[in-house]
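Bear in mind the structure is a predicted one, so any value in this text is a computation, not a measurement.
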Amino acid sequence: DAGITQSPRHKVTETGTPVTLRCHQTENHRYMYWYRQDPGHGLRLIHYSYGVKDTDKGEVSDGYSVSRSKTEDFLLTLESATSSQTSVYFCAISWGTTYEQYFGPGTRLTVT
Amino acid sequence: KNEVEQSPQNLTAQEGEFITINCSYSVGISALHWLQQHPGGGIVSLFMLSSGKKKHGRLIATINIQEKHSSLHITASHPRDSAVYICAVRSQNTNAGKSTFGDGTTLTVKP
């Protein structure tokens, strides 16, 4: 158990509303990632972080922003949710030289 | 063409059968990761390997760096092995441990 939690686990929201998803880890590991998972696609990287206040874009970052003000928390924000952002969102952490990734339980987001 | 290709996309087997799932990739890598995801469930790390072979219980993972290919084998398959198996690669030129994921292989093991 890598001590990763995500909140909320399920959310339904309306188009145009802001949404923030939270990823929390208990082990203070350096690297954190946000992915989305959709049918017909593999896990796709949205944003990642390599330290407090150090973040960078992944392959599908449009419409998303992130913040990491503390080592243990990595927040994903949808500034104005769209139906195309309906997905399952996974957070992951890694550390050391192997960068083996450990995943949180996921958040199912539905934008109506 | 995706950087990471898995085959087959779907696989149905009878309980007890030997299962092989394949992963091919097109870039030089520093490591390859096999993951498991049960229906409606979270994603669990199975193996991370950069050469050779690893074994854990009934699961065996192999990698051939020259051929850019890895296989995941399941011996004496069981219905509880039914899941999506995901291959991910970390390229040699990436930073912060970023990985590229295959689309997954959906395995169904029938009793």
Side-chain angles (χ1 to χ4, degrees), chain A residues 1-7 9-10 23 25 29-61 66 68 71 74 87-108, chain B residues 1-10 21-27 29-52 54 56 61 63 70 83-106:
Chain A
D1 182 3
I4 312 169
T5 57
Q6 291 184 232
S7 58
R9 294 292 313 280
H10 301 271
C23 177
Q25 58 153 325
H29 293 303
R30 181 179 179 188
Y31 301 105
M32 299 184 77
Y33 315 83
W34 275 108
Y35 295 94
R36 59 179 291 172
Q37 186 180 44
D38 304 290
H41 294 275
L43 288 156
R44 293 182 291 174
L45 182 66
I46 305 171
H47 283 277
Y48 65 99
S49 170
Y50 44 96
V52 172
K53 297 185 178 166
D54 291 324
T55 65
D56 206 348
K57 296 179 179 180
E59 61 183 296
V60 291
S61 60
V66 290
R68 193 169 178 198
T71 303
F74 192 32
S87 187
V88 180
Y89 291 86
F90 286 96
C91 173
I93 63 173
S94 72
W95 63 90
T97 55
T98 67
Y99 298 105
E100 185 168 354
Q101 293 192 19
Y102 295 87
F103 287 80
T107 294
R108 184 171 295 276
Chain B
K1 184 172 170 30
N2 292 335
E3 280 187 9
V4 182
E5 297 276 354
Q6 289 187 233
S7 63
Q9 190 174 6
N10 297 285
I21 298 170
N22 298 298
C23 177
S24 297
Y25 51 91
S26 57
V27 297
I29 69 168
S30 54
L32 183 143
H33 200 175
W34 281 104
L35 303 141
Q36 179 193 57
Q37 185 176 25
H38 281 103
I43 300 169
V44 176
S45 175
L46 296 176
F47 297 103
M48 188 140 201
L49 63 168
S50 54
S51 65
K54 287 190 175 180
H56 185 256
I63 189 168
S70 176
V84 177
Y85 292 85
I86 302 168
C87 170
V89 300
R90 189 174 81 240
S91 74
Q92 291 170 334
N93 300 321
T94 192
N95 65 332
K98 289 187 297 179
S99 296
T100 301
F101 293 79
D103 289 348
T105 294
T106 301

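- Contacts between B:T100 and chain A at a heavy-atom distance below 4.5 Å are absent for every atom of the residue.
- For B:S70, the side-chain hydrogen bond (donor to acceptor under 3.5 Å, both in side chains) partners two or more places apart in sequence, or in a different chain, are B:W34.
- Residue A:E59 does not touch chain B at all, counting heavy-atom pairs closer than 4.5 Å.
- Ranking B:S45, B:G42, B:S30 against chain A, the residue ahead of the rest is B:S45, based on heavy-atom pairs under 4.5 Å.
- Side-chain contact check for B:V84 versus A:Q37: every heavy-atom pair is 4.5 Å or farther apart.
- For residues 39-50 of chain A, heavy-atom neighbours of chain B at less than 4.5 Å comprise A:G40, A:H41, A:G42, A:L43, A:L45, A:Y48, A:Y50, sorted by residue number.
- With rounding to the nearest 0.5 angstrom, the OH atom of A:Y35 is 9.0 Å from the CD1 atom of B:I43.
- Distance OH/A:Y99 to NZ/B:K98: 11.5 Å, rounded to 0.5 Å.
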